[in-house]
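The next block holds one structure in the form of structure tokens; read it before the comments.
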Amino acid sequence: MSLVTRYAPSPTGPLHIGGARTALYCWALARRHAGRFLLRFEDTDRARSTRESELAVLEALEWLGIEHDEVPGFAGIPRQSERAARYAGIVGELLERGRAYRCTATPEELEGMREAARAEGRKRVYDGRNRDAGIPADVGAPFCVRLRVPDSGPETRWTDLIAGASGEAPEDIDDFVIARTDGSAVYHLAVVVDDHDMGVTHVVRGREHLSSTPRQLLLYQALGWEPPAFAHVPLLVGASGKKLSKREGDVSVQAYRDRGFPAEAMVNYLARLGWSHGDLEIFERRTLVELFSLEGVGRAPAQVDEAKLAWVSQQHLKRMPAEELAAAVQPFLDAEAGEPVAIGERLRAGLDLLRERSETLADMARQARFLYVDELEYEPKAARKFLKPPAAPLLRDAGAALGGLDSWDRAAIEAALGGVVDAHQVKLGKLAQPLRVAVTGRGASPGIYETLEALGRDRTLARIEAAAARAETVPSD
Ligand code: GLU
């Protein structure tokens with residue numbers, strides 16, 4: 001039997017990194033075992049669920065490369081809001097088979113039961129008063145439907161594939177409501193019916209759903225269905241150690257994308273928030289698929305760590321294939337320039353130089369600015385320090401030497417600049433620093449020869465000329 005996992009978000013907002021991590025684990029497990037990874041929208045909260053959120057979730061998953069499979073027997077991605085009739089049918093079946101019964105207890109009666117349970121220190125609240133009353137559908141009073149929960153038996157316990165031995169004593173569980181007085185099925189029933197109908201073999205989900213599992217297992221038993229395996233992923237916590245919240249800033253996947261973290265880096269970082277394999281820290285999606293196992297997921301809450309994310313991101317920027325890097329950085333270049341930027345051979349070489357020095361794609365685009373804008377802006381501090389009168393003759397001579405080159409490559413550039421510093425009897429830094437500010441506008445950049453090579457002859461010469469003119473005109477201090 002092939003392994004089937006699912007991710008079942010409630011589409012009430014963007015996809016947060018906690019949900020993305022759960023989806024990633026579901027996906028990796030399915031891919032690892034050549035199984036299927038399915039998606040379903042749990043949109044029973046009609047007031048808060050929107051199509052816009054569905055699209056945001058899909059877009060975030062697509063960006064991360066977590067692609068889902070089609071659900072056999074369903075047209076498109078199942079939505080709970082479209083399955084009310086199926087749930088009602090299952091409730092009817094349970095009633096018919098005596099596994100469920102109608103209950104007309106009023107809110108006042110229930111309050112009385114709650115008080116009695118409290119006084120006696122019992123967890124079970126409902127006293128079973130309508131269990132055997134045989135209340136018919138046409139009773140003429142509002143009724144809900146309750147599941148007949150056995151007093152004993154092993155169904156409410158399971159071995160969680162992450163959390164280990166889990167469960168509750170059946171005698172602590174009420175005959176819980178499976179259909180409300182308006183006839184609508186409750187969430188637990190919908191989840192069980194959906195997972196069954198979708199053929200899910202492994203339910204991998206957030207730790208917050210652990211306490212729902214005993215009730216869901218009771219439903220599997222009542223329906224005579226084989227329950228799936230369960231694996232509850234520990235919580236994600238913020239830097240403070242508390243549940244991830246707004247305090248950590250925007251933790252939606254889209255926000256990380258917009259800040260310029262490459263998708264591969266995000267996948268790597270999210271996977272490592274809870275999963276480990278030896279001392280493996282940096283890996284691509286395909287390696288995750290080769291190595292992922294639920295045994296590798298720890299039981300302790302995982303803490304988000306921005307510094308770690310920045311480091312992981314930098315490692316990916318260093319190793320990304322050139323084509324992929326160009327595609328990923330393109331929107332950031334366009335945004336920085338305020339117009340579409342063509343990535344030619346030169347710019348590509350320049351981006352290569354910046355791999356070592358960038359933590360995000362946005363960071364890389366900012367640092368690469370000198371390579372694709374016509375008008376350079378000098379960093380005020382760098383200009384003040386290096387574009388001063390004594391630098392002018394050095395810059396002018398460098399311009400002349402570079403202007404006379406037959407070929408524009410690193411070796412020729414190095415030789416030309418070497419000639420200039422020799423003639424002036426100065427160290428390379430005396431020329432390289434003003435030159436760096438002249439061509440990049442900044443006080444720091446990759447090696448000067450490579451930088452000039454990537455920038456190209458025309459822009460280099462024009463910028464040296466402009467910088468020399470400026471250096472000549474500022475008063476000496
Ligand atoms: N819809 C639930 C959520 O968004 C998931 C429930 C489940 O995975 O069983 O957290």
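Counting starts at 1 for both ligands and their atoms, in listed order.
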>> I'd like to know whether ligand 1 has Y187 as a neighbour, heavy-atom separation below 4.0 Å.
In response: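 For ligand 1, residue contact (heavy atoms, under 4.0 Å) with Y187 is present.
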> Of all the heavy atoms in S10, does at least one lie under 4.0 Å from an atom in ligand 1?
Replying inline: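 Yes, S10 has a heavy atom closer than 4.0 Å to ligand 1.
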>> So, applying side-chain hydrogen bond (donor to acceptor under 3.5 Å, both in side chains) with R6, which one of D194, D69, D195 is it?
In response: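 With R6 as partner, D194, D69, D195 yield a single side-chain hydrogen bond (donor to acceptor under 3.5 Å, both in side chains), made by D195.
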>> Tell me the protein heavy atom at minimum distance from atom 1 (N) of ligand 1, and give that distance in Å.
In response: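 It is E42 OE1, 2.5 Å.
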> For atom 5 (C) of ligand 1, what is the nearest protein heavy atom, given as residue, atom name and distance?
Replying inline: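 Heavy-atom neighbour on the protein nearest atom 5 (C) of ligand 1: A8 O, 3.3 Å.
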>> Between the side chains of E323 and R348, is the shortest nitrogen-to-carboxylate-oxygen separation below 4.0 Å, so that they form an ion pair?
In response: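 Salt bridge: yes.
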>> Please report whether the ring centroid of F292 lies less than 6.0 Å from that of Y25.
In response: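 Under 6.0 Å, so yes.
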> Distance-only, no hydrogens or angles: does the D305 side chain make a donor-acceptor pair with backbone N or O of K308 under 3.5 Å?
Replying inline: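 Flag set: sc D305 to bb K308 pair under 3.5 Å.
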> Can you tell which part of R6 has a heavy atom less than 4.0 Å from ligand 1: side chain, backbone, both or neither?
Replying inline: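 Contact part for R6 vs ligand 1: side chain (C-beta onward).
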>> Polar contacts were defined as any N/O atom of the residue lying under 3.5 Å from an N/O atom of the ligand; does this apply to H209 and ligand 1?
In response: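 H209 vs ligand 1: N/O contact under 3.5 Å present.
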> Looking at Y126, is R146 sitting on its ring face, NZ or CZ under 6.0 Å from the six-membered ring centre and within 45 degrees of the normal?
Replying inline: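 Yes; both conditions hold, so R146 lies above the ring face of Y126.
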